[in-house]
Undergrad: 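First the structure, then my questions, so here it is.
Quick note: residue numbers are just sequence positions, from 1.
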Amino acid sequence: MEPTNIPAGAPRAGGSTSAKDANTANAAPANKTVTIDDFKKLNIRIGKVVSAEKVPDADKLIKIIFDFGGEQRQIMAGIAEFIEDPASLIGKEVPVIVNLAPRMLRGYESQGMMLAADNAGRPTLLHPAEEVPPGSIVK
């Protein structure tokens, strides 16, 4: 999500905001296209959450360990304010960009980025429609 001065879902001058308007406001402009070659650069895999805990002294961060079928990775996700109990994430399968350059956040290395939909300013986790093996490629 890109930061804006107006919160997602906030009424705009001269009218009210519907869920459709909020989602449209967060959508990328149509002229911001990428080529199929750009998309192919992303390595998106299904990771299964094996542990999740709030990062001490951080309002937004949850440290999540994902299993990718023979490999585990730590991902730092800025969703703590929306998740009441991080342990509720354990066992969930989530798409993760695994070839994103590692980044240090609050002293922890994040080794990828989990994907979520922006639902009126709140993240909604994405899941496969049926259980798949950890590490499955998302195409």
Undergrad: Could you check whether any side-chain N or O of Arg106 sits under 3.5 Å from a backbone N or O of Asp57, counting only pairs where one atom can act as donor and the other as acceptor?
TA: yes
Undergrad: Apply side chain to side chain contact (heavy atoms under 4.5 Å, CB included) to Asp37 and list each qualifying residue two or more places apart in sequence or on a separate chain.
TA: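 With neighbours one apart ignored, the set is Thr35, Lys40.
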Undergrad: When rounded to the nearest 0.5 angstrom, what is the spacing between CD in Gln72 and CD in Gln111?
TA: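 Nearest 0.5 Å value for the CD-CD distance: 10.5 Å.
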Undergrad: Could you give me the CA-CA distance, side-chain angles and deciding distance for Met113 and Ile75, then say whether side-chain contact (heavy atoms from CB on, under 4.5 Å) is met?
TA: CA-CA 6 Å; Met113 178 184 289; Ile75 307 288; 5.6 Å; no
Undergrad: For Glu81 and Lys54, what are the C-alpha separation, side-chain angles and deciding distance, and is it a salt bridge (charged side-chain N to carboxylate O under 4.0 Å, His left out)?
TA: CA-CA 10 Å; Glu81 60 192 312; Lys54 190 169 178 330; over 6 Å; no
Undergrad: Show your working on side-chain contact (heavy atoms from CB on, under 4.5 Å) between Ile62 and Val55 and close with a plain yes or no.
TA: CA-CA 5 Å; Ile62 295 178; Val55 173; 5.9 Å; no
Undergrad: Ignoring hydrogens and geometry, is there a side-chain-to-backbone donor-acceptor pair from Arg73 to Val98 under 3.5 Å?
TA: yes
Undergrad: Decide yes or no for Pro123 and Phe82: does some side-chain heavy atom of the first lie under 4.5 Å from some side-chain heavy atom of the second?
TA: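 Sidechains of Phe82 and Pro123: in contact.
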Undergrad: Transitively linked via ILVMFWY side-chain contacts under 4.5 Å: Ile44 with Leu126?
TA: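 Yes; tracing contacts between hydrophobic side chains, which count when under 4.5 Å, links both residues.
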Undergrad: Might you confirm whether atom CG of Asp59 has over 12 heavy atoms from other residues, nucleotides or ligands at distances under 6.0 Å?
TA: no
Undergrad: Write down the atom of Ser110, the atom of Met76, and the distance for their closest heavy-atom approach.
TA: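 Taking every non-hydrogen atom into account, OG-N, 3.0 Å.
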Undergrad: Which atom names give the shortest non-hydrogen contact between Phe68 and Gly47, and what distance separates them?
TA: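 Shortest heavy-atom contact: CE2-CA, 3.5 Å.
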Undergrad: Hey, any chance Phe66 and Ile83 share a hydrophobic cluster, counting ILVMFWY side chains that come within less than 4.5 Å of each other, even indirectly?
TA: yes
Undergrad: Walk me through whether Arg45 and Val96 qualify under side-chain contact (heavy atoms from CB on, under 4.5 Å).
TA: CA-CA 5 Å; Arg45 307 257 174 171; Val96 177; 5.8 Å; no
Undergrad: Is there a chain of hydrophobic side chains (I, L, V, M, F, W, Y, each step under 4.5 Å between heavy atoms) that links Leu42 to Leu115?
TA: yes
Undergrad: Minimum heavy-atom separation for Ile64 to Leu89, with atom names?
TA: CD1-CD1, 4.0 Å
Undergrad: Work out which heavy atom in Asp85 is nearest to a heavy atom in Ser88; give both atom names and the distance.
TA: O-OG, 2.6 Å
Undergrad: Output yes when a side-chain donor or acceptor of Asn119 lies under 3.5 Å from a complementary backbone atom of Arg122, and no otherwise.
TA: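 Checked: no pair found.
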Undergrad: Whether the side chain of Glu53 engages the backbone of Lys63 through a donor-acceptor N/O pair (distance < 3.5 Å, no angle test) should be reported.
TA: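 Between the backbone of Lys63 and the side chain of Glu53 there is no qualifying donor-acceptor contact (under 3.5 Å).
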Undergrad: Indicate if Leu125 and Val49 have the same hydrophobic cluster label, given that clusters are the connected sets of ILVMFWY residues with side-chain heavy-atom separations under 4.5 angstrom.
TA: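 Yes, Leu125 connects to Val49 through the hydrophobic network.
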Undergrad: Nearest heavy-atom pair of Asp67 and Gly70: which atoms, and what distance?
TA: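 That would be OD1-N, 3.6 Å.
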Undergrad: Starting from the C-alpha separation in whole Å, work towards a yes-or-no answer on side-chain contact (heavy atoms from CB on, under 4.5 Å) for Ile97 and Asn43.
TA: CA-CA 6 Å; Ile97 300 173; Asn43 185 351; over 6 Å; no
Undergrad: Are any side-chain N or O atoms of His127 and backbone N or O atoms of Val94, one a donor and one an acceptor, separated by less than 3.5 Å?
TA: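 No, His127 side chain to Val94 backbone: no donor-acceptor pair under 3.5 Å.
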Undergrad: Donor-acceptor pair, Asn99 side chain versus Lys41 backbone, under 3.5 Å?
TA: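 The answer is yes, because a donor-acceptor pair under 3.5 Å joins these two groups.
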Undergrad: So, does Gln74 use its side chain to make a donor-acceptor pair with the main chain of Glu109 at under 3.5 Å?
TA: yes
Undergrad: Report whether Ile79 and Ile90 are members of the same hydrophobic cluster (ILVMFWY, side-chain heavy atoms less than 4.5 Å apart, transitive linking).
TA: yes
Undergrad: Between atom NZ of Lys48 and atom OG of Ser136, what is the distance when rounded to the nearest 0.5 Å?
TA: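 It is 11.0 Å, given to the nearest 0.5 Å.
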